[in-house]
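Presented below is the structure to which this report refers.
Both backbone and side-chain heavy atoms feed into the values below; hydrogens, waters and symmetry mates do not.
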Amino acid sequence: MTSGTLPPIESVSGGSHGVEAGYEQMLALAERYERQAGDFVEMAGLGARIMANGDLLESAILSPISFGDAEVQVLDATTGANGLTVRAIGIEADALGVRAVIAAFKASDSLSRHAMEMLDNALGQLLLAGTVAALPALLAAGGISYAYYSTLSPEEQEALKAQLAEDLGQLLHDHPELAQHLINGGGGLLQNLVPGLGLLNPGDGPINQATTNDAARLLSLLLGNDTDYQVNPIADFTGGASNEVPGSLSDLMKQLDATNQIDQDDPRLHGAIQIQQVGDKYIVYIPGTDDMSPIPQDGEHARDMETNYQLIGGMDSAYGRGIQQAMLDAGLEGKDVMLVGHSQGGMVSTSLAADPEFARHFNVEHVVTAGSPTAQVTHLPDSTHAIHFENRGDAVPLLDGEDNPDQPNRTTVKFDEGSSDIGDNHGLGHYANGAAAADASTNGSIQDEITRMHDDGYLGSGTSGPLVSYQVTR
(Lines give C-alpha, C1' and ligand atoms only; values in the text may rest on other atoms or scores of the structure.)
Protein backbone atom coordinates (compact mmCIF):
# COMPACT_ATOMS: atom_id res chain seq x y z
CA MET A 1 0.00 0.00 0.00
CA THR A 2 1.37 3.38 -0.98
CA SER A 3 2.26 5.89 1.70
CA GLY A 4 -0.64 8.10 2.76
CA THR A 5 -3.30 5.76 1.37
CA LEU A 6 -5.79 4.53 3.94
CA PRO A 7 -7.18 1.00 3.68
CA PRO A 8 -10.80 0.72 2.57
CA ILE A 9 -13.42 0.05 5.22
CA GLU A 10 -15.40 -2.95 4.01
CA SER A 11 -18.24 -2.94 6.52
CA VAL A 12 -19.47 -1.34 9.72
CA SER A 13 -21.99 -3.17 11.87
CA GLY A 14 -23.67 -2.32 15.12
CA GLY A 15 -23.33 1.00 16.84
CA SER A 16 -25.68 3.96 16.87
CA HIS A 17 -26.60 3.41 13.21
CA GLY A 18 -26.74 -0.40 13.34
CA VAL A 19 -29.66 -2.80 12.99
CA GLU A 20 -30.40 -3.08 16.72
CA ALA A 21 -30.24 0.69 17.07
CA GLY A 22 -32.77 0.88 14.25
CA TYR A 23 -35.02 -1.54 16.10
CA GLU A 24 -34.78 0.62 19.21
CA GLN A 25 -35.66 3.71 17.23
CA MET A 26 -38.68 1.95 15.73
CA LEU A 27 -39.80 0.83 19.19
CA ALA A 28 -39.41 4.41 20.42
CA LEU A 29 -41.67 5.49 17.53
CA ALA A 30 -44.23 2.85 18.54
CA GLU A 31 -44.16 4.14 22.14
CA ARG A 32 -44.68 7.68 20.86
CA TYR A 33 -47.68 6.50 18.83
CA GLU A 34 -49.10 4.81 21.92
CA ARG A 35 -48.67 7.97 24.02
CA GLN A 36 -50.36 10.02 21.29
CA ALA A 37 -53.24 7.55 21.14
CA GLY A 38 -53.63 7.79 24.92
CA ASP A 39 -53.69 11.58 24.69
CA PHE A 40 -56.41 11.43 22.03
CA VAL A 41 -58.53 9.08 24.14
CA GLU A 42 -58.14 11.40 27.12
CA MET A 43 -59.14 14.39 25.00
CA ALA A 44 -62.16 12.50 23.68
CA GLY A 45 -63.27 11.79 27.24
CA LEU A 46 -62.79 15.45 28.11
CA GLY A 47 -65.21 16.41 25.33
CA ALA A 48 -67.89 14.14 26.74
CA ARG A 49 -67.37 15.55 30.23
CA ILE A 50 -67.68 19.11 28.91
CA MET A 51 -71.03 18.35 27.27
CA ALA A 52 -72.28 16.82 30.53
CA ASN A 53 -71.38 19.93 32.53
CA GLY A 54 -74.40 21.15 34.54
CA ASP A 55 -73.95 24.84 33.79
CA LEU A 56 -73.67 24.14 30.08
CA LEU A 57 -76.81 22.00 30.13
CA GLU A 58 -78.74 24.77 31.89
CA SER A 59 -77.65 27.24 29.21
CA ALA A 60 -79.27 25.01 26.57
CA ILE A 61 -82.65 26.41 27.58
CA LEU A 62 -81.55 29.91 26.62
CA SER A 63 -80.18 28.91 23.18
CA PRO A 64 -81.21 25.38 22.26
CA ILE A 65 -80.16 25.74 18.60
CA SER A 66 -76.62 26.91 19.46
CA PHE A 67 -76.34 24.24 22.15
CA GLY A 68 -77.40 21.53 19.71
CA ASP A 69 -74.90 22.74 17.12
CA ALA A 70 -72.09 22.78 19.70
CA GLU A 71 -73.05 19.30 20.90
CA VAL A 72 -72.90 17.92 17.35
CA GLN A 73 -69.51 19.54 16.75
CA VAL A 74 -68.00 18.25 20.02
CA LEU A 75 -69.33 14.72 19.57
CA ASP A 76 -68.17 14.63 15.96
CA ALA A 77 -64.68 15.79 17.01
CA THR A 78 -64.43 13.20 19.78
CA THR A 79 -66.44 10.10 18.85
CA GLY A 80 -67.44 10.77 15.26
CA ALA A 81 -66.16 9.02 12.11
CA ASN A 82 -63.16 11.35 11.96
CA GLY A 83 -62.98 12.06 15.68
CA LEU A 84 -60.29 11.59 18.26
CA THR A 85 -61.47 8.14 19.34
CA VAL A 86 -61.26 6.73 15.81
CA ARG A 87 -57.90 8.38 15.26
CA ALA A 88 -56.63 6.97 18.54
CA ILE A 89 -57.62 3.48 17.42
CA GLY A 90 -55.80 4.00 14.13
CA ILE A 91 -52.65 5.29 15.81
CA GLU A 92 -52.72 2.39 18.28
CA ALA A 93 -53.03 0.00 15.33
CA ASP A 94 -50.00 1.65 13.73
CA ALA A 95 -48.04 1.15 16.96
CA LEU A 96 -49.01 -2.51 17.09
CA GLY A 97 -48.01 -2.85 13.44
CA VAL A 98 -44.56 -1.38 14.13
CA ARG A 99 -44.06 -3.75 17.08
CA ALA A 100 -45.18 -6.70 14.98
CA VAL A 101 -42.71 -5.84 12.23
CA ILE A 102 -39.85 -5.56 14.74
CA ALA A 103 -40.85 -8.86 16.33
CA ALA A 104 -40.85 -10.49 12.88
CA PHE A 105 -37.41 -9.05 12.08
CA LYS A 106 -35.98 -10.27 15.39
CA ALA A 107 -37.55 -13.69 14.92
CA SER A 108 -35.98 -13.87 11.46
CA ASP A 109 -32.58 -12.89 12.90
CA SER A 110 -32.88 -15.54 15.61
CA LEU A 111 -33.93 -18.20 13.10
CA SER A 112 -30.97 -17.33 10.91
CA ARG A 113 -28.57 -17.67 13.87
CA HIS A 114 -30.11 -20.99 14.86
CA ALA A 115 -29.89 -22.33 11.33
CA MET A 116 -26.26 -21.26 10.95
CA GLU A 117 -25.28 -22.82 14.29
CA MET A 118 -27.00 -26.07 13.30
CA LEU A 119 -25.25 -26.13 9.92
CA ASP A 120 -21.83 -25.34 11.40
CA ASN A 121 -22.25 -27.97 14.14
CA ALA A 122 -23.24 -30.54 11.53
CA LEU A 123 -20.26 -29.47 9.41
CA GLY A 124 -17.93 -30.17 12.33
CA GLN A 125 -19.41 -33.61 12.88
CA LEU A 126 -19.27 -34.44 9.17
CA LEU A 127 -15.68 -33.22 8.97
CA LEU A 128 -14.57 -35.83 11.50
CA ALA A 129 -16.66 -38.57 9.93
CA GLY A 130 -15.37 -37.71 6.47
CA THR A 131 -11.78 -37.62 7.69
CA VAL A 132 -12.10 -41.06 9.29
CA ALA A 133 -13.74 -42.51 6.17
CA ALA A 134 -11.07 -41.04 3.91
CA LEU A 135 -8.19 -41.88 6.25
CA PRO A 136 -6.67 -44.64 4.05
CA ALA A 137 -6.70 -42.36 1.02
CA LEU A 138 -5.33 -39.47 3.05
CA LEU A 139 -2.51 -41.63 4.42
CA ALA A 140 -1.65 -42.83 0.93
CA ALA A 141 -1.72 -39.29 -0.44
CA GLY A 142 0.37 -38.12 2.49
CA GLY A 143 2.93 -40.84 1.92
CA ILE A 144 3.21 -40.01 -1.76
CA SER A 145 3.50 -36.29 -0.96
CA TYR A 146 6.19 -36.90 1.62
CA ALA A 147 8.11 -39.14 -0.76
CA TYR A 148 8.01 -36.38 -3.37
CA TYR A 149 8.92 -33.72 -0.77
CA SER A 150 11.94 -35.74 0.41
CA THR A 151 13.36 -35.78 -3.13
CA LEU A 152 13.52 -31.98 -3.21
CA SER A 153 16.56 -29.95 -2.29
CA PRO A 154 16.40 -27.87 0.93
CA GLU A 155 15.89 -24.73 -1.16
CA GLU A 156 13.02 -26.34 -3.09
CA GLN A 157 11.44 -27.57 0.16
CA GLU A 158 11.53 -24.07 1.61
CA ALA A 159 10.06 -22.66 -1.59
CA LEU A 160 7.26 -25.24 -1.53
CA LYS A 161 6.42 -24.48 2.11
CA ALA A 162 6.40 -20.78 1.36
CA GLN A 163 4.10 -21.31 -1.62
CA LEU A 164 1.69 -23.43 0.42
CA ALA A 165 1.63 -20.81 3.19
CA GLU A 166 0.99 -18.07 0.65
CA ASP A 167 -1.83 -20.04 -1.01
CA LEU A 168 -3.44 -20.70 2.36
CA GLY A 169 -3.10 -17.05 3.34
CA GLN A 170 -4.63 -15.92 0.05
CA LEU A 171 -7.53 -18.34 0.54
CA LEU A 172 -8.13 -16.93 4.02
CA HIS A 173 -8.00 -13.36 2.71
CA ASP A 174 -10.38 -14.08 -0.15
CA HIS A 175 -12.81 -16.28 1.83
CA PRO A 176 -12.68 -15.44 5.56
CA GLU A 177 -16.24 -16.67 5.99
CA LEU A 178 -15.05 -20.20 5.12
CA ALA A 179 -12.57 -20.22 7.99
CA GLN A 180 -15.18 -18.74 10.31
CA HIS A 181 -17.69 -21.52 9.57
CA LEU A 182 -15.03 -24.22 9.96
CA ILE A 183 -14.07 -22.81 13.36
CA ASN A 184 -17.70 -22.53 14.39
CA GLY A 185 -17.99 -26.26 13.75
CA GLY A 186 -15.42 -26.95 16.47
CA GLY A 187 -18.13 -27.94 18.93
CA GLY A 188 -19.51 -30.57 16.59
CA LEU A 189 -16.01 -31.87 15.85
CA LEU A 190 -15.06 -32.40 19.50
CA GLN A 191 -18.56 -33.63 20.31
CA ASN A 192 -17.91 -36.56 17.98
CA LEU A 193 -14.44 -37.10 19.43
CA VAL A 194 -15.72 -37.45 23.00
CA PRO A 195 -19.29 -38.76 22.60
CA GLY A 196 -21.27 -39.50 25.73
CA LEU A 197 -18.50 -38.46 28.13
CA GLY A 198 -20.24 -35.28 29.27
CA LEU A 199 -17.11 -33.25 28.64
CA LEU A 200 -18.90 -30.87 26.31
CA ASN A 201 -21.97 -29.50 28.05
CA PRO A 202 -24.18 -27.63 25.58
CA GLY A 203 -26.13 -24.66 26.71
CA ASP A 204 -24.34 -21.40 25.96
CA GLY A 205 -25.31 -21.32 22.29
CA PRO A 206 -28.61 -20.88 20.44
CA ILE A 207 -28.90 -24.65 19.86
CA ASN A 208 -28.86 -27.66 22.16
CA GLN A 209 -25.54 -28.80 20.76
CA ALA A 210 -21.91 -28.25 21.68
CA THR A 211 -20.44 -24.99 20.40
CA THR A 212 -16.95 -23.66 19.77
CA ASN A 213 -17.16 -22.02 23.20
CA ASP A 214 -17.82 -25.43 24.78
CA ALA A 215 -14.84 -26.86 22.90
CA ALA A 216 -12.61 -24.02 24.16
CA ARG A 217 -13.73 -24.68 27.73
CA LEU A 218 -12.81 -28.35 27.34
CA LEU A 219 -9.33 -27.43 26.06
CA SER A 220 -8.75 -25.03 28.95
CA LEU A 221 -9.80 -27.69 31.44
CA LEU A 222 -7.42 -30.18 29.86
CA LEU A 223 -4.61 -27.64 30.31
CA GLY A 224 -5.48 -27.18 33.98
CA ASN A 225 -7.64 -24.02 33.90
CA ASP A 226 -5.04 -22.14 35.92
CA THR A 227 -6.10 -18.68 37.13
CA ASP A 228 -3.34 -17.95 39.66
CA TYR A 229 -1.49 -14.72 38.89
CA GLN A 230 1.23 -12.39 40.09
CA VAL A 231 1.49 -8.64 39.46
CA ASN A 232 4.66 -6.57 39.74
CA PRO A 233 5.20 -2.91 38.88
CA ILE A 234 7.87 -2.17 36.29
CA ALA A 235 9.41 0.78 38.09
CA ASP A 236 10.29 3.97 36.19
CA PHE A 237 9.66 2.36 32.81
CA THR A 238 7.50 3.64 29.95
CA GLY A 239 9.19 2.00 26.97
CA GLY A 240 8.42 3.76 23.71
CA ALA A 241 5.02 5.05 24.86
CA SER A 242 4.23 8.71 24.31
CA ASN A 243 3.32 11.09 27.11
CA GLU A 244 0.90 12.87 24.80
CA VAL A 245 -2.87 12.58 25.14
CA PRO A 246 -4.13 10.42 22.24
CA GLY A 247 -6.03 12.51 19.75
CA SER A 248 -7.52 9.79 17.58
CA LEU A 249 -8.27 6.09 17.26
CA SER A 250 -5.02 5.74 15.34
CA ASP A 251 -3.11 7.29 18.25
CA LEU A 252 -4.62 4.68 20.58
CA MET A 253 -3.33 1.92 18.29
CA LYS A 254 0.14 3.45 18.18
CA GLN A 255 0.29 3.73 21.95
CA LEU A 256 -0.90 0.12 22.23
CA ASP A 257 1.84 -0.89 19.79
CA ALA A 258 4.42 0.79 22.05
CA THR A 259 3.13 -1.26 24.99
CA ASN A 260 3.19 -4.39 22.85
CA GLN A 261 6.83 -3.67 21.99
CA ILE A 262 7.97 -3.88 25.62
CA ASP A 263 8.37 -7.66 25.70
CA GLN A 264 9.49 -7.69 22.07
CA ASP A 265 12.51 -5.68 23.19
CA ASP A 266 12.95 -7.63 26.43
CA PRO A 267 11.29 -11.09 26.57
CA ARG A 268 11.72 -11.10 30.35
CA LEU A 269 8.96 -8.45 30.48
CA HIS A 270 6.29 -10.71 28.99
CA GLY A 271 2.84 -9.83 30.30
CA ALA A 272 3.52 -6.09 30.44
CA ILE A 273 0.56 -3.67 30.39
CA GLN A 274 0.49 0.11 30.69
CA ILE A 275 -1.89 2.60 32.30
CA GLN A 276 -2.05 6.20 31.03
CA GLN A 277 -3.75 8.98 32.98
CA VAL A 278 -5.68 11.46 30.85
CA GLY A 279 -7.13 14.17 33.09
CA ASP A 280 -9.20 12.31 35.66
CA LYS A 281 -9.64 9.32 33.29
CA TYR A 282 -7.40 6.32 32.66
CA ILE A 283 -6.54 4.31 29.54
CA VAL A 284 -5.28 0.75 30.03
CA TYR A 285 -3.23 -0.69 27.13
CA ILE A 286 -3.40 -4.49 27.00
CA PRO A 287 -1.27 -6.47 24.46
CA GLY A 288 -1.97 -9.97 23.19
CA THR A 289 -0.55 -13.48 23.29
CA ASP A 290 3.15 -13.98 24.08
CA ASP A 291 3.30 -17.79 24.01
CA MET A 292 1.61 -19.17 20.89
CA SER A 293 2.36 -22.84 21.66
CA PRO A 294 -0.82 -24.99 21.68
CA ILE A 295 0.44 -26.37 24.99
CA PRO A 296 2.09 -23.66 27.17
CA GLN A 297 5.85 -24.08 27.31
CA ASP A 298 6.33 -22.80 30.86
CA GLY A 299 4.26 -21.87 33.85
CA GLU A 300 4.96 -18.13 33.86
CA HIS A 301 3.29 -16.63 30.81
CA ALA A 302 -0.19 -15.28 31.57
CA ARG A 303 -0.65 -14.45 27.88
CA ASP A 304 -0.66 -18.00 26.52
CA MET A 305 -3.02 -20.32 24.65
CA GLU A 306 -4.61 -21.51 27.89
CA THR A 307 -5.82 -17.95 28.46
CA ASN A 308 -7.14 -17.83 24.89
CA TYR A 309 -9.15 -21.02 25.47
CA GLN A 310 -10.47 -19.64 28.75
CA LEU A 311 -11.56 -16.37 27.18
CA ILE A 312 -13.30 -17.94 24.18
CA GLY A 313 -14.96 -20.34 26.61
CA GLY A 314 -16.25 -17.46 28.72
CA MET A 315 -14.12 -18.41 31.72
CA ASP A 316 -11.98 -16.49 34.18
CA SER A 317 -8.26 -16.17 33.41
CA ALA A 318 -5.00 -15.34 35.18
CA TYR A 319 -4.45 -12.47 32.73
CA GLY A 320 -7.85 -10.93 33.46
CA ARG A 321 -7.42 -11.26 37.21
CA GLY A 322 -3.92 -9.82 37.02
CA ILE A 323 -5.08 -6.80 35.00
CA GLN A 324 -7.76 -6.09 37.59
CA GLN A 325 -5.18 -6.28 40.39
CA ALA A 326 -2.74 -4.05 38.52
CA MET A 327 -5.47 -1.44 38.08
CA LEU A 328 -6.30 -1.60 41.78
CA ASP A 329 -2.59 -1.28 42.65
CA ALA A 330 -2.45 1.81 40.42
CA GLY A 331 -5.25 3.43 42.43
CA LEU A 332 -7.99 3.15 39.80
CA GLU A 333 -10.70 1.96 42.21
CA GLY A 334 -13.94 3.75 41.27
CA LYS A 335 -12.34 5.55 38.30
CA ASP A 336 -13.59 5.95 34.72
CA VAL A 337 -11.49 3.83 32.37
CA MET A 338 -10.98 2.88 28.74
CA LEU A 339 -9.56 -0.57 27.87
CA VAL A 340 -7.54 -0.83 24.64
CA GLY A 341 -6.43 -4.32 23.60
CA HIS A 342 -4.83 -6.20 20.73
CA SER A 343 -5.60 -9.87 19.99
CA GLN A 344 -5.91 -11.65 23.36
CA GLY A 345 -5.74 -8.20 24.96
CA GLY A 346 -8.94 -7.21 23.17
CA MET A 347 -10.59 -10.47 24.21
CA VAL A 348 -9.80 -9.90 27.88
CA SER A 349 -10.77 -6.20 27.63
CA THR A 350 -14.23 -7.09 26.33
CA SER A 351 -14.61 -9.89 28.85
CA LEU A 352 -13.68 -7.62 31.77
CA ALA A 353 -16.06 -4.90 30.57
CA ALA A 354 -18.93 -7.41 30.72
CA ASP A 355 -17.93 -8.80 34.13
CA PRO A 356 -20.12 -7.47 37.00
CA GLU A 357 -17.31 -8.12 39.49
CA PHE A 358 -14.92 -5.94 37.47
CA ALA A 359 -17.64 -3.27 37.19
CA ARG A 360 -17.77 -3.11 40.99
CA HIS A 361 -14.29 -1.59 40.96
CA PHE A 362 -14.13 0.40 37.72
CA ASN A 363 -16.48 2.28 35.41
CA VAL A 364 -15.57 0.99 31.94
CA GLU A 365 -16.77 3.71 29.59
CA HIS A 366 -15.01 2.53 26.42
CA VAL A 367 -13.38 -0.57 24.94
CA VAL A 368 -11.25 -0.54 21.77
CA THR A 369 -10.06 -3.86 20.32
CA ALA A 370 -7.79 -4.72 17.38
CA GLY A 371 -7.67 -8.16 15.77
CA SER A 372 -9.61 -9.80 18.60
CA PRO A 373 -12.32 -12.49 18.62
CA THR A 374 -14.99 -10.97 20.86
CA ALA A 375 -18.30 -12.55 19.76
CA GLN A 376 -18.18 -14.88 22.77
CA VAL A 377 -19.06 -11.83 24.88
CA THR A 378 -22.69 -11.62 23.83
CA HIS A 379 -23.65 -8.45 25.66
CA LEU A 380 -21.94 -5.34 27.02
CA PRO A 381 -23.59 -3.06 29.59
CA ASP A 382 -25.38 -0.07 28.07
CA SER A 383 -22.94 2.24 29.88
CA THR A 384 -19.96 0.74 28.01
CA HIS A 385 -19.24 1.62 24.37
CA ALA A 386 -16.96 -0.57 22.28
CA ILE A 387 -15.40 -0.38 18.83
CA HIS A 388 -13.83 -3.53 17.37
CA PHE A 389 -11.36 -3.46 14.44
CA GLU A 390 -10.85 -6.51 12.21
CA ASN A 391 -8.44 -6.70 9.26
CA ARG A 392 -9.39 -8.90 6.30
CA GLY A 393 -6.96 -11.81 6.08
CA ASP A 394 -6.27 -11.75 9.84
CA ALA A 395 -7.20 -15.21 11.14
CA VAL A 396 -7.35 -14.27 14.83
CA PRO A 397 -10.67 -12.31 14.82
CA LEU A 398 -12.28 -15.36 13.19
CA LEU A 399 -11.47 -17.67 16.10
CA ASP A 400 -14.79 -16.99 17.81
CA GLY A 401 -16.50 -18.58 14.82
CA GLU A 402 -19.13 -15.89 14.28
CA ASP A 403 -19.80 -12.20 13.78
CA ASN A 404 -19.87 -9.82 16.72
CA PRO A 405 -23.28 -9.12 18.26
CA ASP A 406 -25.10 -6.09 16.89
CA GLN A 407 -25.60 -3.68 19.81
CA PRO A 408 -26.26 0.08 19.70
CA ASN A 409 -23.20 0.60 21.94
CA ARG A 410 -20.94 -1.82 20.07
CA THR A 411 -19.47 -1.07 16.63
CA THR A 412 -17.46 -3.51 14.50
CA VAL A 413 -15.27 -2.06 11.73
CA LYS A 414 -13.85 -4.42 9.10
CA PHE A 415 -11.18 -3.02 6.78
CA ASP A 416 -8.89 -4.52 4.15
CA GLU A 417 -5.16 -4.07 4.43
CA GLY A 418 -4.54 -7.79 4.29
CA SER A 419 -2.40 -9.94 2.04
CA SER A 420 -1.47 -13.62 1.79
CA ASP A 421 0.79 -13.22 4.85
CA ILE A 422 -1.42 -14.40 7.73
CA GLY A 423 1.01 -13.38 10.46
CA ASP A 424 1.63 -9.92 9.05
CA ASN A 425 -2.11 -9.26 8.70
CA HIS A 426 -2.37 -9.42 12.50
CA GLY A 427 0.23 -6.71 13.06
CA LEU A 428 -0.66 -3.54 14.95
CA GLY A 429 0.75 -1.41 12.13
CA HIS A 430 -2.17 -2.49 9.97
CA TYR A 431 -4.59 -1.77 12.79
CA ALA A 432 -3.16 1.73 13.23
CA ASN A 433 -3.90 2.29 9.53
CA GLY A 434 -7.38 0.78 9.86
CA ALA A 435 -8.07 3.05 12.83
CA ALA A 436 -6.85 6.03 10.78
CA ALA A 437 -9.35 5.04 8.08
CA ALA A 438 -12.04 5.01 10.76
CA ASP A 439 -10.94 8.44 11.98
CA ALA A 440 -11.45 9.75 8.44
CA SER A 441 -14.72 7.90 7.88
CA THR A 442 -18.10 9.63 7.70
CA ASN A 443 -19.95 6.55 8.93
CA GLY A 444 -22.44 7.55 11.61
CA SER A 445 -21.71 4.73 14.05
CA ILE A 446 -17.94 5.37 13.90
CA GLN A 447 -18.20 9.13 14.21
CA ASP A 448 -20.64 8.89 17.13
CA GLU A 449 -18.13 6.69 18.97
CA ILE A 450 -15.25 9.08 18.28
CA THR A 451 -17.34 12.05 19.41
CA ARG A 452 -18.27 10.24 22.60
CA MET A 453 -14.59 9.46 23.33
CA HIS A 454 -13.75 13.15 22.92
CA ASP A 455 -16.70 14.23 25.06
CA ASP A 456 -15.76 11.71 27.76
CA GLY A 457 -12.21 13.07 27.87
CA TYR A 458 -10.18 10.15 26.46
CA LEU A 459 -9.22 11.80 23.18
CA GLY A 460 -7.85 15.33 23.01
CA SER A 461 -4.51 17.10 23.03
CA GLY A 462 -1.72 18.10 25.36
CA THR A 463 0.47 16.20 27.79
CA SER A 464 -0.98 13.26 29.67
CA GLY A 465 -0.60 12.47 33.32
CA PRO A 466 1.59 9.68 34.69
CA LEU A 467 2.06 6.51 32.63
CA VAL A 468 2.87 3.38 34.65
CA SER A 469 3.75 -0.18 33.67
CA TYR A 470 2.94 -3.52 35.29
CA GLN A 471 3.87 -7.12 34.53
CA VAL A 472 1.24 -9.84 34.86
CA THR A 473 2.52 -13.41 35.15
CA ARG A 474 1.21 -16.73 36.40
Side-chain angles (χ1 to χ4, degrees), residues 14-16 18 20-21 24 204 213 217 225 227-229 231 252 256 259 273-288 302-303 307-308 310-370 372-388 400 404-412 448-449 452-459 465 468 470 472:
S16 59
E20 282 295 329
E24 289 190 359
D204 79 333
N213 309 92
R217 277 195 292 273
N225 192 28
T227 57
D228 291 336
Y229 66 90
V231 176
L252 289 172
L256 176 60
T259 306
I273 67 170
Q274 291 190 306
I275 301 172
Q276 180 181 24
Q277 183 176 354
V278 180
D280 60 350
K281 312 275 182 164
Y282 294 85
I283 305 175
V284 185
Y285 298 97
I286 307 174
R303 296 197 295 235
T307 293
N308 285 326
Q310 289 170 326
L311 290 170
I312 291 180
M315 305 170 73
D316 206 357
S317 69
Y319 194 26
R321 289 186 175 186
I323 291 168
Q324 176 173 312
Q325 187 60 55
M327 293 172 64
L328 290 172
D329 292 349
L332 271 59
E333 177 82 46
K335 302 296 186 180
D336 298 332
V337 301
M338 169 191 280
L339 306 179
V340 183
H342 173 236
S343 193
Q344 183 185 102
M347 295 168 66
V348 74
S349 297
T350 310
S351 176
L352 289 173
D355 183 0
E357 169 62 24
F358 190 79
R360 287 181 56 247
H361 299 286
F362 318 102
N363 178 31
V364 183
E365 293 189 299
H366 293 276
V367 173
V368 181
T369 72
S372 306
T374 58
Q376 67 278 358
V377 179
T378 58
H379 183 81
L380 285 178
D382 293 341
S383 58
T384 300
H385 289 263
I387 185 164
H388 307 290
D400 49 19
N404 287 335
D406 185 316
Q407 285 185 253
N409 58 328
R410 194 170 179 179
T411 303
T412 300
D448 284 351
E449 286 302 305
R452 187 173 287 106
M453 289 179 186
H454 277 280
D455 292 344
D456 288 342
Y458 293 98
L459 300 183
V468 295
Y470 288 86
V472 180

(message) Measuring only between side-chain heavy atoms, which start at C-beta, is Tyr458 closer than 4.5 Å to Val368?
(response) no
(request) Could you tell me whether the side chain of Asn213 reaches within less than 4.5 Å of the side chain of Ile312, counting heavy atoms only? (result) yes
(message) Looking at Asn404 and Ala375, would you say the former's side chain and the latter's main chain have a donor-acceptor pair under 3.5 Å?
(response) yes
(message) Has Thr384 got a side-chain atom pairing as donor or acceptor with Val364's backbone, closer than 3.5 angstrom?
(response) yes
(message) To check you understand the geometry: which heavy-atom pair defines the closest contact between Ser343 and Gly288, and what is its length?
(response) CB-CA, 4.1 Å
(request) State, with a plain yes or no, whether a side-chain heavy atom of Leu252 is found less than 4.5 Å away from one of Leu459. (result) yes
(request) State, yes or no, whether a side-chain contact exists between Ile273 and Met327 at a heavy-atom distance under 4.5 Å. (result) no
(request) Taking all heavy atoms of Ala21 and all of Gly15, pick out the closest pair and write down the distance. (result) CB-O, 3.4 Å
(message) Restricting to non-hydrogen atoms, name the atom on Ala353 and the atom on Leu380 that form the minimum distance, rounded to 0.1 Å.
(response) CB-CD2, 3.9 Å
(message) As an exercise, state the distance from CD of Gln376 to CG of Leu311, rounded to the nearest 0.5 Å.
(response) 7.0 Å
(request) For Val367 and Ser349, work out which heavy atoms get closest and say how close. (result) CG1-CB, 4.1 Å
(request) Report yes if some heavy atom in the side chain of Gln310 is under 4.5 Å from a heavy atom in the side chain of Thr227; otherwise report no. (result) yes
(request) Scan side-chain atoms only and decide if Thr369 and His388 contain a donor-acceptor pair under the 3.5 Å cut-off. (result) yes
(message) Rounded to the nearest 0.5 Å, what separates atom CG in Asn409 from atom CD1 in Ile387?
(response) 12.0 Å
(request) Any chance you could measure Tyr229, atom OH, to Asp316, atom CG, to the nearest 0.5 Å? (result) 10.0 Å
(request) Find the distance between NE2 (His342) and CG (Leu256) and round it off to the nearest 0.5 Å. (result) 7.5 Å
(message) Are His366 and Arg452 packed together at the side-chain level, in the sense that at least one heavy-atom pair is separated by less than 4.5 angstrom?
(response) yes
(message) How long is the straight-line distance from CD1 of Ile275 back to CG of Leu339, given to the nearest 0.5 Å?
(response) 10.0 Å
(request) Return the minimal non-hydrogen interatomic distance between Gly346 and Ser372, and the atom names on each side. (result) CA-OG, 3.2 Å
(message) So Leu328 and Phe362, do their side chains get closer than 4.5 Å, heavy atoms only?
(response) yes
(message) Determine whether Arg410 and Glu20 satisfy the following criterion, side-chain contact (heavy atoms from CB on, under 4.5 Å), listing intermediate values before the conclusion.
(response) CA-CA 10 Å; Arg410 194 170 179 179; Glu20 282 295 329; over 6 Å; no
(request) Write down the atom of Tyr319, the atom of Pro287, and the distance for their closest heavy-atom approach. (result) OH-O, 3.0 Å
(request) Answer yes when Asp456 and Lys281 have at least one side-chain N-carboxylate O distance shorter than 4.0 Å, and no when they do not. (result) no
(message) Looking only at the side chains, is there a donor atom on one of Gln274 and Thr259 sitting less than 3.5 Å from an acceptor on the other?
(response) yes
(request) Would you mind reporting whether Met347 and Pro373 have side-chain heavy atoms less than 4.5 Å apart? (result) yes
(message) Could you measure the distance from the CZ atom of Arg303 to the OG atom of Ser317? Nearest 0.5 Å is fine.
(response) 12.0 Å
